[in-house]
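Since the structure comes first, as structure tokens, the remarks are kept for the end.
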Amino acid sequence: MMAIEVKGVSYAYPDGTPALREVSLSIPAGSRTAILGPNGAGKSTLLLHLNGLLAPQRGQVFVAGRPVLGDEDTWVRETVGMVFQDPDDQVFSATVAEDVAFGPQNMGLSPEEVVRRVKASLARVGLRGYEERPPHRLSYGERKRVAIAGVLAMGPDILVLDEPMAYLDPEGRLRLRAILDELSAESKTLLVATHDVDFAVEWSDHVVILRGGRVFRSGGPEVLRDAELLREASLTMPTVARVFAGFEGLCRDRCPLTVGEARELLASIQTELEVE
Amino acid sequence: MQFLDLHTGRDTPVHRLDPRFKLVTMLAFLVVVVNLRQPGALALATAVICLVLFTARIPVRYVLARLLMALPFTGILFLIPFTTPGHAALKFGPASVSYEGLSLALVLVMRLGAALLVTTALTSTTPLTDLLRAMASVGVPTVFVQLVHFTVRYFSVLSEEIATMRRAQRSRGYEPGSVLRPDHLRAMAQLIGMAFIRAMERGERVYRAMRARNYREGLFRPPSRRAGAGEYAWTALTGLVICLLLLVDRGSPL
Ligand SMILES: Nc1ncnc2c1ncn2[C@@H]1O[C@H](COP(=O)(O)OP(=O)(O)OP(=O)(O)O)[C@@H](O)[C@H]1O
Ligand SMILES: [Mg+2]
């Protein structure tokens with residue numbers, strides 16, 4: 001079952017900048033997809049199409065098999081939750097609780113249900129007790145988590161995040177990773193637009209590389225082994241792959257990509273040395 | 001906007017009042033205060049508000065700081081004694097100060113001071129969120145409530161953006177100096193222009209994010225608190241004080 005299908009979508013901004021050209025891709029339900037690409041590749045523009053904030057000028061987007069028509073579609077906003085890059089764009093209310101309640105209220109839920117969802121989503125992002133805090137007095141990472149809670153409160157099956165790791169400190173990143181892993185374990189479909197190749201190899205099971213508004217390559221994270229391809233897409237090699245480049249003799253069948261694989265390889269080399 | 005919500009977290013009888021009642025009574029009081037004509041009545045009104053501020057345990061320094069913020073706007077008042085015709089009280093060369101002008105200036109200054117004290121009493125005992133909800137629920141148009149809300153929410157975001165742009169200008173060797181120099185004037189104009197454009201783009205992105213969560217009408221929920229004996233006593237007391245003030249000022253309560 002495909003959570004999202006994009007078929008031949010083209011989009012140019014009103015000033016004439018072509019941002020997407022004939023983009024086609026399929027996102028399986030429950031997958032963790034990283035959308036990679038250099039600045040201006042069209043990542044954000046693509047994401048905006050996925051819940052009808054932008055309507056394709058050519059082609060069509062399907063969510064859970066239903067065509068996305070555009071601005072009047074309220075169902076798609078409840079199915080696909082969008083977390084924007086800058087939490088200040090998203091978290092606009094006077095208190096945290098009010099902001100998280102915004103989506104559920106717009107869905108027309110009963111006040112009791114709204115309160116229940118606000119509590120549950122704040123707990124999931126680790127912000128219990130922040131209900132009455134004004135967002136402009138929170139740290140960047142906390143505001144980011146408020147933004148995520150506000151989307152989770154709408155109960156979407158698909159979550160789309162634009163550059164979620166940007167500007168977060170290492171602890172903030174770990175925390176966000178944990179939230180993403182938990183959502184993934186609940187078999188939500190997750191899409192993350194990022195420049196961060198290391199994050200993509202560690203986290204995703206599906207990679208889409210955009211370049212100049214086109215799908216340049218898509219597949220499993222192993223496509224990120226291809227140094228030539230990454231250079232053409234103006235992306236860096238994953239750190240682990242850079243470390244092992246030139247030491248192919250040490251690798252077993254293929255060189256490691258993630259920190260975990262690298263440690264496994266090193267451990268096995270170490271045991272071999274000890275045996276000798 | 002750092003001064004906002006500095007003392008609203010205290011727990012005093014004034015803080016505990018339902019914001020809707022506080023808003024309406026204080027507004028009524030404000031309207032009366034700015035229409036008083038006798039210095040004696042104004043002094044009485046000032047004393048009453050000071051009592052409220054005292055009960056709310058708002059620090060005197062904070063109140064004085066809020067009053068000082070209005071000082072730049074009082075400059076014009078110092079002209080009044082010179083420009084109001086009447087019996088001369090003092091002479092400075094060709095200029096003369098009239099008794100009528102002096103007492104008019106006194107009344108205006110006292111009105112301004114009392115009005116500022118009322119708004120300080122309201123805003124320093126009510127969290128802004130509650131105040132906004134109260135405004136919405138007593139019928140202030142939503143557009144206006146949202147305007148106030150967004151101003152407060154995005155003030156720090158926008159001023160941070162402007163500060164960043166100024167730092168960027170300075171780091172490239174620009175020293176802000178006289179606006180009379182054409183190149184400085186241009187740098188300033190660019191800064192202001194960019195600030196506007198960024199604010200507009202921010203507005204568009206915020207609106208887009210709101211649509212992403214299915215934005216329709218109605219942002220603010222009315223407060224769930226219910227008025228009790230305290231609110232009614234407070235309202236009655238305000239009514240009484242207003243009558244008393246009008247009695248002192250006009251010789252009749254109406
Ligand atoms: N509002 C807009 N008006 C006009 N052109 C735009 C607008 N937003 C983006 N573009 C252009 O569309 C193209 C794709 O932009 P997009 O923001 O989708 O890229 P991106 O991959 O998200 O980049 P980044 O990594 O910098 O976020 C770029 O050439 C950009 O200049
Ligand atoms: Mg982007």
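In what follows, chains carry the letters A, B, and so on, assigned in the order in which the sequence lines appear, proteins first and then strands, with residues in each chain numbered from 1. Values in this document were obtained by computation on a predicted structure and should not be read as measured data.
Judged by distance alone, the side chain of A/Asn106 and the main-chain N or O of B/Arg213 form a donor-acceptor pair under 3.5 Å.
Taking a 6.0 Å sphere around OH of A/Tyr13, one finds it holds more than 12 heavy atoms contributed by other residues, nucleotides or ligands. Residue B/Arg10 places its CZ atom among more than 12 non-hydrogen atoms of other residues, nucleotides or ligands, all under 6.0 Å distant. Counting heavy atoms of neighbouring residues, nucleotides and ligands inside a 6.0 Å radius, atom CD of A/Glu186 exceeds 12 of them.
Partners of B/Thr238 by side chain to side chain donor-acceptor pair (under 3.5 Å), not counting sequence neighbours: none found.
Classification of the B/His149-A/Phe92 ring pair by plane angle, with boundaries at 30° and 60°, yields perpendicular.
With a 4.5 Å cut-off on side-chain heavy atoms, B/Phe155 and A/His136 do not count as touching.
Between B/Arg202 and A/Asp86, at least one side-chain N (NZ, or NE/NH1/NH2) sits under 4.0 Å from a carboxylate O, which counts as a salt bridge. A salt bridge between B/Arg153 and A/Asp88 is present, with a side-chain N of the basic residue lying under 4.0 Å from a carboxylate O of the acidic one.
In this structure, A/Phe84 and B/Ala212 approach most closely via the heavy-atom pair CE1-CB, 3.8 Å.
With rounding to the nearest 0.5 angstrom, the CE atom of A/Met82 is 10.5 Å from the CZ atom of B/Arg211.
Counting heavy-atom pairs under 4.5 Å between each of A/Asp99, A/Asn51, A/Val83 and chain B puts A/Asp99 at the top.
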